K.L.:
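Dropping a structure here in structure tokens format, bear with me for questions.
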Amino acid sequence: ALSDGRNLGYCEYGKPDGIPLMLFHGTPGSRIVPTFKTAAWIEKFGMRVIVPERPGFGISDPSPGRTISDWAKDVNELADYLGLGRYHVAGGSGGGPYALACAIHSPQRVLSATLISSGGPPDVMRITRDMQFGNRVVFFGARYAPFLIKFLFAQVAKGVKERPERVKAKMVAALSKNNPHMREENSGESLFMTMQEAYRQGPGGIYCDIRLVGRDWGLNLSAINVR
């Protein structure tokens with residue numbers, strides 16, 4: 001329970017007394033990451049991986065009008081609750097900007113910040129050609145046609161709720177086309193479980209995230225002084 005009355009959902013993976021890493025999920029994403037239960041890197045490096053859900057995802061209450069910077073306060077409250085003085089942060093895909101926000105606003109607590117296939121600032125995203133076509137469309141729409149993106153996410157949320165097996169089959173087939181190992185490791189099924197939880201409350205959290213990442217972040221990146 002956060003100080004403003006909202007609830008924050010999270011899961012922990014790895015060693016309870018391990019090196020603390022706050023890992024911020026992508027968009028969509030959630031606290032549930034089945035592959036982390038057997039992830040070799042977590043065991044190898046003795047990690048305590050904490051995956052909190054941003055507002056509107058999974059079981060985290062929405063926070064209307066939130067900003068990327070607001071996330072740093074939520075993370076510090078979670079760290080206090082878990083008894084963590086200092087911790088590492090990392091963000092994958094849409095979670096990248098939130099890792100940077102923590103590095104900027106909590107330099108006294110954040111030991112390092114890592115970006116994993118992260119989204120970039122809007123001025124960079126416009127010239128990115130190596131991003132998947134679907135992602136480029138979404139980020140473009142978030143800036144110039146948000147009503148279409150909102151409709152798109154609403155349709156995805158409906159499909160996940162009403163036709164889960166069909167959506168999962170399409171996702172696994174699409175992923176396995178370029179990544180055969182995903183079918184072997186059931187990574188597609190695990191990813192669907194994560195996405196299903198992301199849409200638990202509907203498309204609101206995902207839509208808000210895309211809108212925030214797709215326009216000016218409101219972050220002074222030159223202020224980062226952690227690793």
Side-chain angles (χ1 to χ4, degrees), residues 1-4 6-33 35-36 39 41-61 63 65-125 194 198 205 208-210 212-227:
L2 298 169
S3 59
D4 63 4
R6 288 181 294 118
N7 288 314
L8 178 74
Y10 73 95
C11 269
E12 290 196 53
Y13 304 89
K15 300 180 63 176
D17 60 346
I19 299 169
L21 168 65
M22 295 280 193
L23 181 55
F24 309 140
H25 60 73
T27 308
S30 73
R31 72 194 186 283
I32 296 177
V33 191
T35 53
F36 280 6
W41 63 271
I42 293 178
E43 178 66 26
K44 178 180 178 180
F45 296 106
M47 305 296 294
R48 178 187 184 184
V49 181
I50 301 144
V51 185
E53 293 172 323
R54 293 189 288 282
F57 290 79
I59 56 175
S60 282
D61 292 335
S63 179
R66 68 181 171 96
T67 66
I68 292 176
S69 292
D70 291 337
W71 182 241
K73 183 175 182 295
D74 288 357
V75 170
N76 277 334
E77 287 198 39
L78 175 59
D80 290 341
Y81 174 75
L82 296 173
L84 301 177
R86 305 190 72 188
Y87 49 86
H88 300 270
V89 298
S93 190
Y98 294 92
L100 295 177
C102 291
I104 292 169
H105 294 289
S106 305
Q108 73 284 4
R109 302 189 72 169
V110 172
L111 294 164
S112 71
T114 301
L115 306 186
I116 308 163
S117 300
S118 173
D123 57 326
V124 175
M125 299 296 274
T194 301
C208 180
D209 235 31
I210 288 294
L212 287 173
V213 176
R215 55 191 180 188
D216 186 83
W217 293 353
L219 300 177
N220 178 13
L221 301 183
S222 64
I224 298 175
N225 58 16
V226 301
R227 289 188 298 127

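Fair warning: this is a prediction, and the values are worked out from it, not measured in the lab.
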K.L.:
If you define the side chain from C-beta out and look only at heavy atoms, does anything of Trp217 sit under 4.5 Å from Tyr98?
P.N.:
no

K.L.:
Answer yes if the ring centres of Trp41 and Phe36 are under 6.0 angstrom apart, and no otherwise.
P.N.:
yes

K.L.:
To the nearest 0.5 Å, how far apart are OG1 in Thr67 and CG in Asp216?
P.N.:
11.5 Å

K.L.:
For the CG atom of Leu100 and the CZ atom of Phe24, what is their distance to the nearest 0.5 Å?
P.N.:
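CZ of Phe24 is found 10.0 Å from CG of Leu100.
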
K.L.:
For Leu78 and Met22: C-alpha separation, side-chain torsions, deciding distance, then whether side-chain contact (heavy atoms from CB on, under 4.5 Å) applies.
P.N.:
CA-CA 10 Å; Leu78 175 59; Met22 295 280 193; 4.0 Å; yes

K.L.:
Using a 3.5 Å cut-off and no angle test, enumerate the donor-acceptor pairs between side-chain atoms of residues 48-61 and protein atoms at least two apart in sequence or in another chain.
P.N.:
unit_1 : atom_1 : unit_2 : atom_2 : d
Arg48  : NE     : Glu12  : OE1    : 2.7
Arg48  : NH2    : Glu12  : OE1    : 3.2
Arg48  : NH2    : Glu12  : OE2    : 3.3
Glu53  : OE1    : Arg31  : NH1    : 3.4
Glu53  : OE1    : Ile59  : N      : 2.9
Glu53  : OE2    : Arg31  : N      : 3.0
Glu53  : OE2    : Arg31  : NH1    : 2.9
Arg54  : NE     : Asp209 : OD1    : 3.2
Arg54  : NE     : Asp209 : OD2    : 3.0
Arg54  : NH1    : His25  : O      : 2.9
Arg54  : NH2    : His25  : O      : 2.9
Arg54  : NH2    : Gly26  : O      : 3.3
Arg54  : NH2    : Thr27  : OG1    : 3.4
Arg54  : NH2    : Asp209 : OD2    : 2.7
Ser60  : OG     : Gly9   : N      : 2.8
Ser60  : OG     : Glu53  : O      : 2.7
Asp61  : OD2    : Asn7   : N      : 2.8

K.L.:
State, without any angle test, whether Ser106 and Lys73 hold a side-chain donor-acceptor pair at a distance under 3.5 Å.
P.N.:
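Result is no, nothing qualifies.
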
K.L.:
When rounded to the nearest 0.5 angstrom, what distance separates CD1 in Ile42 from CG in Leu21?
P.N.:
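Nearest 0.5 Å value for the CD1-CG distance: 8.5 Å.
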
K.L.:
Kindly give the heavy-atom pair with the smallest separation between Arg66 and Gly205, and that separation in Å.
P.N.:
NH2-O, 3.6 Å

K.L.:
Do the side chain of Glu43 and the main chain of Gly14 share a donor and acceptor less than 3.5 angstrom apart?
P.N.:
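No, Glu43 side chain to Gly14 backbone: no donor-acceptor pair under 3.5 Å.
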
K.L.:
Is there a side-chain contact (heavy atoms from CB on, under 4.5 Å) between Leu219 and Ile68 once you walk through the steps?
P.N.:
CA-CA 8 Å; Leu219 300 177; Ile68 292 176; 4.0 Å; yes

K.L.:
Provide the closest heavy-atom pair for Ala113 versus Ala99 in the form atom of the first, atom of the second, distance.
P.N.:
CB-O, 4.3 Å

K.L.:
Is the closest side-chain heavy-atom distance between Leu221 and Pro121 below 4.5 Å?
P.N.:
yes

K.L.:
Got a salt bridge between Asp80 and Arg109, using NZ or NE/NH1/NH2 to carboxylate O under 4.0 Å?
P.N.:
yes

K.L.:
Between Val110 and Ile104, is there a side-chain heavy-atom distance shorter than 4.5 Å?
P.N.:
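They are not in side-chain contact.
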
K.L.:
Of all residues at least two apart in sequence or in a different chain, which pass the side chain to side chain donor-acceptor pair (under 3.5 Å) check with Lys15?
P.N.:
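Partners of Lys15 under the side chain to side chain donor-acceptor pair (under 3.5 Å) test: none.
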
K.L.:
Extract all donor-acceptor atom pairs below 3.5 Å that involve side chains of residues 83-97 and protein atoms in other chains or at least two apart in sequence.
P.N.:
unit_1 : atom_1 : unit_2 : atom_2 : d
Arg86  : NE     : Gln108 : O      : 3.3
Tyr87  : OH     : Asn76  : OD1    : 2.6
His88  : ND1    : Ser112 : OG     : 2.7

K.L.:
Mind listing the closest non-hydrogen atom pair of Ser69 and Gly218 along with its distance?
P.N.:
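Smallest heavy-atom distance, with atoms named: OG-O, 4.0 Å.
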
